[in-house]
Amino acid sequence: MSNKTLANEHEHEQKLKTYRLSSDEYQMMTTLLKREPHAIEWALFSALWSEHCSYKSSKMHLRKFSFRNESTPEMDGENAGVVDLGFGEKIAFKMESHNHPSFIEPVQGAATGVGGILRDIFTMGARPIMTADYLCFGEVDAPRMKDLMKGVVRGISMYGNCVGVPTVTGQTNFHARYNKNILVNALNVGYFAPGQKMALSGASGPGNLVVYVGAKTGRDGVHGASMASASFDDDSESKRPNVQIGDPFYEKLLIEACLQILDQELVVAMQDMGAAGLTSSSFEMAAKGQVGLVIDLKKVPLRDSSMTAEDILLSESQERMLLICEPKNFESIKNTFKKWNLDAVILGEVQKERKVKLQWGVETLTDIDPDLIIEKAPRYERPYQRWASPRKVEQLATPTFRPSELIQKLTKSFKLNQAHWIHNQYDQRVGARTAMACESSVAFARLDHSGRGLGLAVGCRPEVMQMDAEVGALDAVYYPAFQLALKGAETLAITDCLNFGNPQKPEIMSEFVASVEAIALASRKLNAPVISGNVSFYNETLEENIISTPATGVVAIRDSVENLISDQFQAPFESLIAVQMKWVESWTAVMAADKKVSSFKQSPGCDVPDFIKQCSQMDAEFKKLDLPISSIKAIGLGGIATTCLKMTTDAIGFDLSYDLNGNQEADLFKDSFYGFIVSTGDNEKTASFLKSHFKNLNVEIKKIGETTNQKITLSTSTQIEPNQFRTDYLKGL
């Protein structure tokens, strides 16, 4: 073999590595093009065939989320899902991941995750009103972990607080399996007032203009989509240039400018320049509208004049949008954006021929059918096995432990630490809609027109996923829906962010498929469709995968935001009543404290969706019967004892000592899905109502203790100093 041939082969291998394309994908690319790819086409296929953009390992399974109802119109391919709330009101909402960028550069990675999800919402014409986060960190003492945690929280708070959208709820998890890959997921809900127009993303109208609006383009984020579609190695630090840089003040200007031109009906279509930047927005808009585009890349506003055509196409600079408008409307659009100190520049126009023609001045870089990249992207049927629960048992053995030692372990490991230092940095009430926020397990905002309460919760407990992927994924839907139901809200719809390791490993793909099917089943049972979401694969470093983590966001509705019942105890000397279904029983929290994985016992005949529905109807009955219910909270991991500890305040504790009745003290820490605790000033009347309300369901209802003045008593042998507990419980890093 000649030296020239060897050099050509080496150059080809280097190209495949640089653009993260396999040999088979290269062959597929040349077959579709019927020729060798031009220089710029390597970059186009690399970005749009990445896992992050094409969903090539997951798309065939995501079709299992096809269920819709009368409140959830089909929005296939749009930036977010939409829910019709009635009264002329609608919402758009979606959850996205920014895991890889946040691990490399936590402040900007997390900040631009928030910025990106906001753009997915307002590009549809909805005003962002609620943000939530879902975070998974490793052990606090793991390398870089404290800096990662502080950086992520700083990034979320900096961006959300400055842009003026409240961060109202979230979940923070800690586990050794996230030591080398943290998870940073962001969710946003946007509001459509009655009569407000919705914007779609499909380009149309030959002769219409292709317009770039927003901030100027820089080098930040180049090759970001393909970076987010690969596992990490020892050289992950070198990927820092792939992380975007955000500016929340520009985002605020962009929100107002975009909503203004949409309100004036000046826009035909609009798309966020998110992952893969101008490449994805232009090709996706053309493919959706089945039209072509002519775009001159030399007209793109730049921060760096030395940028090449490839840099411009793949840049993921923030706060930018691509829109289609009729020529007669461009001056009005330009003047609006000028008022907000933002660029609005014509890049080209829509053409009837279904080709995207990219130019560099007079030079044509490529002229191809967008379907070759969008619709013809690879689809992989990764090998997997049907799920069989490996840890399901007939009987649960009670572990031996001292409750006082367990509480100390749970607190130190953050299992029992609410991490108030995190959400105290978020502006939770900007915009004056927030009625309940991070002080509770769920959030509520008041809808502008009807005054109803829109509820929001996030879900997925990694310890439960580690125990069993199917049960964990069901729990990721049922548990947040259950928490919302306890506040009197009916679940409407679901978004998800499916965070998994390497899909080329059958064991990971098996957990992925089991999770998708479980979430799809739960959504049907609750009549709450999965209307949007994201898949994040390759959360793996040096062959070590994260816990499979299908995070969810759940929205729900209640008649008003008045008289929402608190999670915390409100007065001493009230009765505590527990209601438990016991669908699944385990020692998950106890085992997790010792870094062990729990087995579980599953009881047949438990109708969890019906239980959730019955719980959502309680709030109205409490009011109707004038029951003195002062607090209510779902029993979380760690059982009754841990949940009561979370319900304490500086002034109010509890006493569970007389309820043991011969049972082991350890049973207070057993995990039972699902149950809740209420505190009430009238034990007999409340217990009578609960027994009547749940008479057709297999639930256990009993008084477990009472609230006290500060004192915390689990049993005659286990008492906790309340001041010391609160100090440990509320501590930060």
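From a predicted model like this one, the values you see are computed outputs, not experimental measurements. For the numbers below, each heavy atom of this structure counts, side chains included, while hydrogens, waters and symmetry mates do not.
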Can a donor-acceptor pair be found between the side chains of Gln271 and Asn79 at a distance below 3.5 Å? yes
I'd like to know whether CZ of Phe192 has more than 12 heavy-atom contacts from other residues, nucleotides or ligands below 6.0 angstrom. yes
Euclidean distance, Glu251 CD relative to Cys162 SG, rounded to 0.5 Å: 11.5 Å
For side-chain hydrogen bond (donor to acceptor under 3.5 Å, both in side chains), just list the numbers for Glu51 and Tyr380, CA-CA rounded to whole Å, side-chain angles, deciding distance to a tenth of an Å, and then say yes or no. CA-CA 10 Å; Glu51 195 76 61; Tyr380 294 130; over 6 Å; no
Atom pair CG/CG of Leu187 and Asp133 - distance to nearest 0.5 Å: 9.5 Å
Check the surroundings of atom NZ in Lys15: do more than 12 heavy atoms from other residues, nucleotides or ligands lie under 6.0 Å from it? yes
Side chains of Thr364 and Asp367 only: does a donor on one sit below 3.5 Å from an acceptor on the other? no
Donor-acceptor pair, side chain of Ser97 and main chain of Asn99, under 3.5 angstrom: no
For Ser548, is there any backbone N or O sitting under 3.5 Å from a side-chain donor or acceptor partner on Asn499? no
Backbone N/O of Asp427 and side chain of Asn161: donor-acceptor pair under 3.5 Å: yes
Show your reasoning for whether side chain to side chain contact (heavy atoms under 4.5 Å, CB included) applies to Leu456 and Val189. CA-CA 9 Å; Leu456 177 65; Val189 180; 4.2 Å; yes
Give me the one residue out of Val107, Thr131, Leu135 that meets side chain to side chain contact (heavy atoms under 4.5 Å, CB included) with Ile156. Leu135
Report yes or no: do Ser306 and Arg219 form a side-chain donor-acceptor pair below 3.5 Å? yes
Is a donor on one side and an acceptor on the other found under 3.5 Å between the side chain of Gln196 and the backbone of Gly125? yes
Closer than 3.5 angstrom, by distance alone: can the side chain of Ser315 be matched with the main-chain N or O of Gly218 as a donor-acceptor pair? yes
Establish, from distance only, whether the side-chain atoms of Thr167 and Gln428 form a donor-acceptor pair under 3.5 Å. no
Just by distance, with hydrogens left out, do Thr217 and Arg320 show a side-chain donor and acceptor under 3.5 Å apart? yes
Can a donor-acceptor pair be found, under 3.5 Å and without considering hydrogens, that links the side chain of Thr169 to the backbone of Ala437? no
Modelled atom types, side-chain donor and acceptor of Lys288 and Ser201, under 3.5 Å: yes
Does CZ in Arg433 sit with more than 12 non-hydrogen atoms of other residues, nucleotides or ligands closer than 6.0 Å? yes
Centroid-centroid under 6.0 Å between Trp42 and Tyr26 rings: yes
Using only heavy-atom distances, determine whether the side chains of Thr172 and Tyr134 contain a donor-acceptor pair under 3.5 Å. no
Sub-3.5 Å donor-acceptor pair from the side chain of Thr112 to the main-chain atoms of Gly115, do we have one? no
Carefully, step by step, assess Cys136 and Thr549 under the rule side chain to side chain contact (heavy atoms under 4.5 Å, CB included). CA-CA 9 Å; Cys136 293; Thr549 312; 4.3 Å; yes
Nearest 0.5 Å please: distance from the CG atom of Asn539 over to the NZ atom of Lys180. 14.5 Å
Heavy-atom nearest pair, Met465 first then Cys460, reads CG-SG, 3.7 Å
Assess the side chains of Tyr19 and Gln14: does a donor N or O sit below 3.5 Å from an acceptor N or O? no
Could you grab the distance from atom CG of Leu266 to atom CD of Gln264, nearest 0.5 Å is fine? 5.0 Å
Is the positively charged end of Arg144 above the ring of Phe103, judged by distance under 6.0 angstrom from the centroid and angle within 45° of the axis? yes
Give a yes-or-no answer on whether the side chains of Glu96 and Asn534 include a donor-acceptor pair shorter than 3.5 Å. yes
Test item: His175 side-chain N/O and Ile546 main-chain N/O as donor-acceptor pair under 3.5 Å: no
Would you check if Val153 and Tyr426 make a side-chain contact, meaning some heavy-atom pair closer than 4.5 Å? yes
For the atom pair CG (Asp296) and NZ (Lys357), what is the distance rounded to the nearest 0.5 Å? 10.5 Å
Any donor-acceptor pair under 3.5 Å linking the side chain of Gln260 with the backbone of Thr336? no
Taking atom NZ of Lys252 as the centre, does the number of heavy atoms from other residues, nucleotides or ligands within less than 6.0 Å exceed 12? yes
Return the orientation label for the Phe500 and Phe512 ring planes: parallel under 30°, perpendicular over 60°, tilted otherwise. perpendicular
Working for side-chain hydrogen bond (donor to acceptor under 3.5 Å, both in side chains), residues Glu349 and Asn208: CA-CA 6 Å; Glu349 64 178 38; Asn208 284 342; over 6 Å; no
Should Met273 and Tyr212 be marked as a side chain to side chain contact (heavy atoms under 4.5 Å, CB included) after you check the CA-CA gap, both sets of side-chain angles, and the distance that decides it? CA-CA 10 Å; Met273 289 192 217; Tyr212 172 116; 3.4 Å; yes
Near Asn335 CG, under 6.0 Å, is it more than 12 heavy atoms from other residues, nucleotides or ligands? yes
Between Ser50 and Arg20, is any pair of side-chain heavy atoms under 4.5 Å apart? no
Atom pair CG/CD of Asp263 and Glu256 - distance to nearest 0.5 Å: 11.5 Å
